[in-house]
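Predicted, not measured: the structure shown is a model, and the values here were computed from it.
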Amino acid sequence: MGFFFCLLGFLGKKESDDTLLQEPLLNGTCTSNDTQSNKSSEIDAPRSNASLLSIVSFSWMGPLISTGHKKVLDLADVPQLAGVDSVKVAYPIFRSKLERDSISGSGITTFKIVKALFFATRWEILLTAFLSLIYTLASYVGPYLIDSFVQYLNGKRAFENQGYVLVSTFFVAKLIECLAQRHWFFGVQQAGIRARAVLVAMIYNKGLSISCQSKQDNTSGEIINFMSVDAERVGDFGWYMHDVWLVIVQVGLALVILYKNLGLASIAALVATVVVMLANVPLGSLQEKFQEKIMKSKDKRMKATSEILRNMRILKLQAWEMKFLSKVTELRKTEMGWLKKFGYVFALTSFVFWGAPTFVSVVTFGACMLLGIPLESGKILSTLATFRILQEPIYNLPDTISMIAQTKVSLDRITSFLRLDDLQSNVMEKLPMGSCNTAIEVVDGNFSWDVSSPNPTLKDINISVSCGMRVAVCGTVGSGKSSLLSCILGEVPKISGTIKLCGTKAYVAQSPWIQSGKIEENILFGEEMDRERYEKVLEACSLKKDLEILSFGDQTVIGERGINLSGGQKQRIQIARALYQDADIYLFDDPFSAVDAHTGSHLFKECLLGLLRSKTVIYVTHQVEFLPAADLILVMKDGRITQAGKYNDILNSGSDFMELVGAHREALSVLDSTLADSTSEKSIIDDESGSICGVQKSVKKVEAACGQNGKADDIAGQKGQLVQEEEREKGRVGLSIYWKYITTAYRGALVPFILLSHVSFQVLQIGSNYWMAWATPVSKDVKPPVKGSTLLIVYVALAIGSSFCILSRALYLVTAGYKTATILFNKMHLCIFRAPMSFFDSTPSGRILNRASMDQSAVDLNIPNTVGAFAFSMIQLLGIIAVMSQVAWQVFIVFIPVIATCIWLQQYYLPTARELARLGGVCKAPVIQHFAETMSGSTTIRSFDQEARFKDLNMKLIDGRSRPKFYTAGAMEWLCLRLDMLSSITFAFSLVFLISIPTGTIDPSIAGLAVTYGLNLNMLQAWVIWNLCDMENKIISVERILQYTTIPSEPPLVIEENRPDGHWPEHGEIAMQDLQVRYAPHMPLVLRGITCTFRGGMKTGIVGRTGSGKSTLIQTLFRIVDPAAGQIQIDGINISLIGLHDLRSRLSIIPQDPTMFEGTVRSNLDPLEEYTDEQIWEALDKCQLGDDVRKKEGKLDSAVTENGENWSMGQRQLVCLGRVLLKKSKVLVLDEATASVDTATDNLIQQTLKQHFSNCTVLTIAHRITSVIDSDMVMLLDNGLIQEYDSPAKLLENKSSSFSQLVAEYSTRSSSSVEK
């Protein structure tokens, strides 16, 4: 005992020494970064400077638990982790070990990861191994002494005061047992938390450096699963870590006791034990097989779900959401099929277990009869107590086996991910700035996204760009322009050639990547704030005005993927981020397409020609008017650079460039003919300087007019950040949640049967033990009350009865659990899919995915067993109490106060545990969300060389996730230790009582039975409490799922009594009356009273500055947002009175971000399967994709990867056009549909639309003036009001109209470029 405490002291001391060394260092780094968010760093880790006594008794948890009892805990109340437990300390240890091992041989293998994990947690593992051994030894003291105790009660005294010696031995053994067990459990959890954190950090870092090719094989959904499921499972493995070798020790000790009691019959016991263990092996392997299938099908479902959530807006606009819901439901059905099989195998396993001790004891006692070994009640009780202890290892063995299997599967999955190819590190040579005067040089470069494919993406690339040059890249859709930029960034695998890069780089992607967080954080992107530079950048990106409109300015929190910003604003914030970095080389991938003409030319002037005068800039553009300013123009076609040179040189030398410019001229000629009758070119240019002032004046007037309003709105909007904190319920989990959960399946009809089965099992179990104790003599000289055969037959009958009760209980439980999981899943998913768009805008998809994966998997696999286990352990506890009070009712004198104290302790502890569990849930989403964001923006992060900062941020988030977990474990052990002590006192009291009453007052064998059961008292009591807490923690998942079943849903999809007829809308006339729209009750109005009529069959162009309400108008037309006041009528039908599907399926839209879904070309064009192949081919040919699709192997069935990544932006846009051509509706909306295509393709789209939609109402939101100039009417919006609405010709006559100024500016910009 002394030795054990010394060791404990030594190890405890060793740990705290380390942590004291690391602590100040760590805190220093935390606090310097940002003091506000890390308030919690003020609370140091209490364990690192606790005294030995405090560590042994877990008293260091006291302050936290008392805080939690007084108030609802927040993350700030949870102390930091000690140095060793923090991922910042543990990860480098793990990584260096793994790297040392991996240098020697075949890269990373599962075994090497296991070795490195062991290395990172070795002290905990060794300490817990020692403690678990001590625990096992102590737990067998009881059964070993029972026989002596029964003999003592029967009057045999070996020496003076033998009774008291026995009692103290029992008591001390119990104490050591409970101390060792508590510290063992805490140690394995500590190791598990650390292992999980280290793996998550590893996966994250890998995700940052993984190549695009590998990324296509593993979608972000799957990678998120490595993080949220597999790493989690490796962390949970700690519980089972020592069971493998402990089983051998436990069986060995049991045999020693059995041999002492029963002689040779103990061999029979060994054989029976081995048989039971072997019976589990096939069951275990089945379980593992099904588990793997469940994981695979879950990956598939999560992948589909995350894609759907990303593109929810499109699905709603197209009225496809229910079709996609049925897709998810189908995937879920497959998953449930495997779950059901898994459940029934699990039921069989538990049947084998509970039957095990009875089976072993029947065999053993049978052997005794055959061998003629006399059975005495003392020996039998000792044997039964031993079997009872043996039940644990045998019971846990299949669990352990399946856990080892699952952990191995998880580790293999993680290893296979870590083995994926990284980006080639040697693609390019980086030179420091100023070491040479060529900024970028590519010699004989051949690059391919897919290294295995025969024809490379980029062929024979030769470019040399001197410092300070401006290079433009142009070419048709899919010619490899974006790939060229990617290869300069080093993202594309190199087949041959060399790239040299001199200086730092900044990159602006084609589709904007915005982090969720404040706008300011997005622009600074990890740099220090320099006010002057910051203001300059805002000015250059014309963001000032947008920030004034937002109620929090640059402190506005952006929703996930920049959801509450318009396309143009996202793009400009992205440009601002690049400008603020002050790099040497700038790469722009067509950033001007998402903004209107005015802003586009402003950006070009201010950014490229202004702030970046002296920098090297390469920009991809579709707009010919930006080309003349370049020092070098590269024309791309089919992955080659076909022409290179200055604007005028190329113009005369080759055909590719002529095509692009020709298309542009054609578009301009339309514009010129409209202008020709008003004035000559020259005067427009003179006029421009004046007209711009004019625009500014009119803008100022409007602003002054709405100044008053603006202020009022501002105050209203003060509370209005879009993304609110994740809601977490506070306080107790309401009983209603349990009730809802229990009664979900069959209205709770199975519950009574489950309880009944278990009660009868308990009764039969106690009955059979009672029978053995009563029917066997106390010693050799007493005549047995019944014959040996009768003894055995009754025992076997009772045993068989109890086993069947267990089987029926397990089957009922699985059935009820399965049904409940299905119902909850369908309810939640239906509610999510029917939720209004505002829900998706303000809820990060991580939260929804968390519920669909983590919480759903808890409901599928854990919760039924947890709730069951609580009920069963309660019933067992009552059984034990009944048996003990049979013998000595006096036990109640101690028992009642002890139980009262236990309940009080548990009530004292629960609020803390509950809030820690909830905090754990809430702190989990940020890790996953940050990871998902990083994965989608990895190119941008790498191009800014910001990996280190993101890795650091990720470590902070991981620690935030580990803190609640670590302290949950501490709190649990704090409670269990105290409960164990109390129940040991009860047990000791009942023993003292038994030895102090006169001999013969009480039947020794029955007294022995009470002691046998009493040995289990502390374990059971702790088990009940543990199950209760575990159930409270787990049921939170049900609570979170139920939260999402109460989302207010959109208006009905179909209103039966109000269905428009089949041909509606026939004319397509749209009338708006006093339309007012806001996005949420607490947000300011976006449209502030719009009244106008779009006549049927007319083309109307809608123009206006970014954020003037263009997109909102369209969303209101589709009822993505419902008007706060006013109405819209289409052909005389008020759209607010018909079902959403009736409305949305009759309108067509080509949205701003072209979207494709994973699947085939056919499923992308026609997800609802309404059209024939001929019709689909016809549509593809009309939108010029027919040839591209015919080239592919699968034709209409050729694959489309996640987000349509294997198609270029322009091709995706054409697919959207194809959808519209198939649908042929009377009203068509183009939301800046031609932003990401070159002018030639743009003209082609315009031609197609003219041809096929000549008699339809077309509304175009445009940034290119050419796409609106030939429409019948133009509407100019400003700040939510109509500023001008007339035919283009009329507006152009009036020189002071804002529209004519826009046109003037555009044509100046363009004509100058064409003439140069």
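Considering only heavy atoms from C-beta on, K1182 comes within 4.5 Å of H1252 through its side chain. A heavy-atom distance below 4.5 Å is not found between the side chains of Y586 and L608. Using a 4.5 Å cut-off on side-chain heavy atoms (C-beta onward), L538 and I523 make contact. V508 has its side chain out of reach of D589: every pair of non-hydrogen atoms, C-beta onward, lies at least 4.5 Å apart. Under the 4.5 Å side-chain criterion, counting only non-hydrogen atoms from C-beta, L485 is in contact with I618. Residues V471 and D631 fail the side-chain proximity criterion, which asks for heavy atoms closer than 4.5 Å. Looking at heavy atoms from C-beta onward, V442 lies out of side-chain contact with T498 at the 4.5 angstrom threshold. You'll find the side chain of L458 reaches within 4.5 Å of the side chain of M636, heavy atoms only.
Atom CG of N455 is surrounded by more than 12 heavy atoms from other residues, nucleotides or ligands within 6.0 Å. Annotation: K430, atom NZ; neighbour count of heavy atoms from other residues, nucleotides and ligands within 6.0 Å does not exceed 12.
Distance alone, capped at 3.5 Å, places no donor-acceptor pair between the Q643 side chain and the L634 backbone. A donor-acceptor pair is defined here as one N or O able to donate and one able to accept, closer than 3.5 Å; no such pair exists between the side chain of T1100 and the backbone of L1259. No donor-acceptor pair closer than 3.5 Å links the side chain of E429 to the backbone N or O of L501. Checking side-chain atoms of Q571 against main-chain N and O of Q510 turns up a donor-acceptor pair under 3.5 Å. Without hydrogens or angle criteria, S943 side chain to A506 main chain gives no donor-acceptor distance under 3.5 Å. Side-chain atoms of Q581 come within 3.5 Å of backbone atoms of L524 as a donor-acceptor pair (strictly under, hydrogens ignored). A donor-acceptor pair under 3.5 Å is formed between the side chain of E1284 and the backbone N or O of S1298. For the pair T616 (side chain) and G468 (backbone), a donor-acceptor distance under 3.5 Å is present. Between the T438 side chain and the E441 main chain, no donor and acceptor come within less than 3.5 Å of each other. Although no hydrogens or angles enter the test, the distance criterion places a donor-acceptor pair under 3.5 Å between the side chain of K615 and the main chain of A583.
With no hydrogens or angles considered, no side-chain donor-acceptor pair links S483 and S486 at under 3.5 Å. Between N1294 and S1296, the side chains place a donor N or O and an acceptor N or O closer than 3.5 Å (distance only, hydrogens not considered). S466 and N437 are not linked by any side-chain donor-acceptor pair at a separation below 3.5 angstrom, with hydrogens and angles left out of the test.
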task = Kindly determine whether L1228 and V1220 satisfy side-chain contact (heavy atoms from CB on, under 4.5 Å), including the steps that lead there.
result = CA-CA 8 Å; L1228 168 66; V1220 175; 3.3 Å; yes
query = Taking it one step at a time, do F944 and K505 satisfy side-chain contact (heavy atoms from CB on, under 4.5 Å)?
reply = CA-CA 6 Å; F944 284 100; K505 56 194 184 312; over 6 Å; no
query = Please walk me through it: do D460 and R640 pass salt bridge (Lys or Arg N to Asp or Glu O under 4.0 Å)?
reply = CA-CA 7 Å; D460 314 325; R640 295 176 188 277; 2.6 Å; yes
inquiry  = Applying side-chain contact (heavy atoms from CB on, under 4.5 Å) to R577 and W513, what does each step give before you reach the verdict?
reply    = CA-CA 11 Å; R577 171 172 64 206; W513 175 73; 3.7 Å; yes
key: side-chain contact (heavy atoms from CB on, under 4.5 Å) evaluation trace for I440 with C502   = CA-CA 6 Å; I440 302 167; C502 181; over 6 Å; no
request  = Any chance you could lay out the salt bridge (Lys or Arg N to Asp or Glu O under 4.0 Å) test for D590 and K481, step after step, and finish with the verdict?
outcome  = CA-CA 9 Å; D590 195 15; K481 302 183 296 296; over 6 Å; no
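Closest of all the heavy-atom pairs between I461 and G639 is CD1-O, 4.0 Å. Minimum heavy-atom separation, F447 to P456: O-CB, 3.3 Å. Heavy atoms only, all atoms of each residue included: I641 and A644 are closest at CG2-CB, 4.4 Å. Heavy-atom minimum distance, G490 versus L423: O-CD2, 4.1 Å. The shortest heavy-atom contact between P1288 and S1271 is CG-O, 3.2 Å. In terms of heavy-atom proximity, T939 sits nearest to Y507 at CG2-CE2, 3.9 Å.
Taking the six-membered ring where the residue is Trp, the centroids of F604 and Y619 are separated by under 6.0 Å.
D638 and K459 are not joined by a salt bridge, as no carboxylate oxygen comes within less than 4.0 angstrom of a charged side-chain nitrogen. K1110 has no carboxylate O lying under 4.0 Å from a charged side-chain N of D1278, or vice versa, which leaves the two without a salt bridge.
Atom CZ of R1219 is separated from atom CE of M1156 by 7.0 Å, given to the nearest 0.5 angstrom. Atom CG of L627 and atom NZ of K646 lie 12.5 Å apart (nearest 0.5 Å). From L611, atom CG reaches atom SG of C541 across 8.0 Å, with rounding to the nearest 0.5 Å. Distance NZ/K570 to CG/N522: 11.5 Å, rounded to 0.5 Å. The distance from atom CE of M469 to atom CD1 of I463, rounded to the nearest 0.5 Å, is 10.0 Å. In this structure, S1287 OG and D1272 CG are separated by 9.0 Å, a value rounded to the nearest 0.5 Å.
By the 6.0 Å and 45° rule, R533 stacks over the aromatic ring of Y580.
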